[in-house]
Amino acid sequence: MMKSESETVGSAVSVDTSAMSIKTRITEVYLPMVKMRCSDLFEKMKEYYHKGLERSKHAYSCTSTKIRLWWGDFQLTTTGRRLRRLTKSPNMLLRIGLITLALVIFYLWASGSTNDHQMGYIVNAENQQLSYVYPRVFNNPERDLFMIGTFPEDFLWGVATSSYQIEGSGDVHGFSGKGDSIWDTFTHRPGNVYNNENGDIACDSYNKWHEDIEMLEYLGVQVYRFSISWPRIMPDGTLSVVNEAGIAYYNRLINALLEAGITPVVTLYHWDLPQALHDKYGGWMDEQIIRDFNSYARLCFERFGDRVKTWITINEPWVITQLGYGSGAHAPGIADDGFTTYIVAHNLIKAHAKVWHTYDDEFRHNQQGRIGITLNSDWVEAADPFVANRMLQFSIGWFAHPIYVNGDYPEVMKTVILEKSRIQGMNDSSRLPEFTSVESEFIRGTSDFFGLNHYTTVYATEMPDDADATPGWEQDVNLDKWYRHNWPGSASPWLKAVPWGMRRMLEWIKMEYNDPKIFITENGYSTSDANELINDQNRMNYIMAYVDEVLKAIELDQVNVIGYCAWSLMDNFEWAAGYSERFGLYYVDFNDEDRPRYKKESAIFYSQLVHNNGFVNSLSVVTSSSIFVLLTAQLAVIMSTCLCR
Ligand code: PNW
């Protein structure tokens, strides 16, 4: 808390300056530590006065350690014990002029920087300046040249979050009625998460949702993608108890969004499985999950479907299987790669299809909404197109092929895994489960749009086959992947900024899955908790470059992209990385129990992008950071010259 003036000052000293014939009386000088010096000071002033110096203006100011007096064109300053300086102050007009100039330059920079997208440029042989976001890394004119243009009129701009990552339990200020999820259990087991951090409070959005809405309003987005916490509304995962406090929380959020003119896009499952279901039958490892996931989804459609018109069943099944059940880096922390991973994926796909049918049969007619799944994939660049295709089929195709093509896994997965399973002594059965023809028919076509989370690109080459290696997804794909050393990095080891991968990914999906409507449900960039906290130039560059590739995909490749959600509205609990990797457009102070949010530069940038529906300005051709440093330094020098003398 700021101290009031009377608390900071000591005994006031009244100085009678009448002897100096000063019309304005300097009545009080508040600093006890300078009190004894005042006499010296005024003696000096008197001396100068009697020397006949002009008295055109006079004033005084004091801080806790300094007292300054202006007398005519002279200034006297004391610091602590002694009289320190006696300097001629600059002419007031000059001062005002310099400050105004500095402010004008600063204003021009500030307005220019947000409009001009802070590009770099390269001058080509014809002496043309070509604009690139990453001029030193990606400067192939055909591929990387920045494109100015706007998006289709009905394009949906949004931001995304998920329940466990932002809500907190809600139990801090009372009892929320929420049951534990596998992430509650996982994070409370030491050693699983960076710094043993957890989502107990996270961004406290359970209590601070109204602030989240204000932030969304500032950004001007049309959609907000968030997820419902299954154990918040069904504490043991089943209909045996419905937690009305949890339902009320989502009702408040949805209603406030609609009032603000923001459309909710709701993910049903963003990884926070009720712990009770994991304990009961192994959660996603058992087919019973399909029934329970369907009951949960039906409850959501019943309670929220009158207002929620876009549903996403499951977020990133690849990450769920690989990290949750393959490596064990995510909850529930099971490491059974190559066996359980395929079973979990099988159940995820069947559960998704079941829920799609439930919506289609029971709710679509009345509610007139749409429902799809969100898949994640890196773009895979390889000298050999078969290699790239194989990796893509094993990652995104694993789920997309059954849903968007024919109800079955990609051929390459089926043959490779069967062959390896045989060599590994599993007789004629494959580690990859099979769908019956009835199941295939049930699964095919169960998505109204293609939800895509895309962040980065990898290079891939074939590895020598090693039948003796431990079975696993990596070993089944049999590809080595790496990143180019000069690709711009982020705070997440797996995330490199490779914008052109976005366009290739989109075009591949268009070709592979018969031109679906693609909704980019996540794309974003991480900074560490030590750098670029508010002035997040790297995030702005990343979003600018990736969004521009989406524009190229729409304009040049006729890919049907219907929307883009930046990950994320605010910094949040980044799974195994805890709070060490920040993806937010808003900064959240996790050391403050009130979890205050602060607007980052990227939020300002994104709001303009949304407002303009794309890139409408001519680009400035200088990198702004150098100008920024220069101008700020200049401004600081001018200000300090003018004000501190
Ligand atoms: C996605 N990887 O997760 C999730 O949907 C978000 O919850 C998450 O916060 C965001 O991306 C940023 O990580 C991913 O290792 C987690 O490749 C890991 C990977 C990719 C996506």
Side-chain angles (χ1 to χ4, degrees), residues 158-167 181-183 186-187 193-194 197 199 202-203 205 225-229 265-273 312-331 337 348 373-380 391-392 394-396 398-399 451-458 460 473-474 477 481-483 487 489-498 501-502 505 519-528 539 542-543 546 564-586 588:
V159 285
T161 61
S162 90
S163 47
Y164 188 76
Q165 293 180 277
I166 66 162
E167 284 178 6
S181 78
I182 52 173
W183 272 95
F186 187 74
T187 53
V193 174
Y194 172 83
E197 289 162 349
C203 307
S205 283
R225 173 181 177 232
F226 65 93
S227 78
I228 293 177
S229 157
V265 170
V266 178
T267 310
L268 291 169
Y269 186 74
H270 202 124
W271 309 355
D272 41 0
L273 180 76
I312 291 162
T313 54
I314 295 167
N315 180 68
E316 299 191 347
W318 184 89
V319 174
I320 298 173
T321 56
Q322 285 308 295
L323 303 189
Y325 301 84
S327 70
H330 279 190
D337 196 7
L348 284 163
I373 188 168
T374 277
L375 307 179
N376 67 293
S377 187
D378 299 343
W379 171 246
V380 184
M391 177 77 95
L392 287 163
F394 264 84
S395 43
I396 197 164
W398 186 1
F399 306 93
L452 173 70
N453 290 355
H454 175 76
Y455 287 86
T456 198
T457 285
V458 294
W473 182 85
E474 297 275 354
V477 190
K481 55 179 188 175
W482 77 92
Y483 306 98
W487 285 353
S490 72
S492 312
W494 54 271
L495 205 179
K496 311 288 174 194
V498 191
M502 170 66 98
M505 187 79 242
F519 193 163
I520 298 168
T521 43
E522 277 179 39
N523 170 246
Y525 178 86
S526 62
T527 46
S528 79
R539 179 169 294 102
Y542 177 98
I543 294 177
Y546 269 76
Y564 172 94
C565 287
W567 183 270
S568 173
L569 171 61
M570 63 194 141
D571 299 336
N572 55 47
F573 179 76
E574 179 51 26
W575 308 114
Y579 297 98
S580 64
E581 297 174 17
R582 294 173 176 272
F583 278 86
L585 298 177
Y586 279 79
V588 178

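Remember, it's 1-based here, ligands and their atoms both numbered in the order they're listed.
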Under the salt bridge (charged side-chain N to carboxylate O under 4.0 Å, His left out) rule, collect the residues that match up with Glu522, sequence neighbours excluded. Arg225
Residue list, ring-ring contact (aromatic ring centres under 6.0 Å, His included) with Phe186, at least two apart or on another chain: Trp183
Check Leu452 against Met505 and note the closest heavy-atom contact, atom names and distance. CD2-CG, 4.3 Å
Using only atom types and a distance under 3.5 Å, with no angle test, would you say the side chain of Ser568 pairs donor to acceptor with the backbone of Ala160? yes
Near ligand 1 (heavy atom, under 4.0 angstrom), the protein residues are Gln165, His270, Trp271, Asn315, Glu316, Asn453, Tyr455, Trp494, Glu522, Trp567, Glu574, Trp575, Phe583
Do Tyr542 and Asn523 meet the criterion of a side-chain donor-acceptor pair at a distance under 3.5 Å? yes
Using a 3.5 Å cut-off and no angle test, enumerate the donor-acceptor pairs between side-chain atoms of residues 316-324 and protein atoms at least two apart in sequence or in another chain.
| unit_1 | atom_1 | unit_2 | atom_2 | d |
| --- | --- | --- | --- | --- |
| Glu316 | OE2 | Asn453 | ND2 | 2.8 |
| Thr321 | OG1 | Pro317 | O | 3.2 |
| Thr321 | OG1 | Trp318 | O | 2.9 |

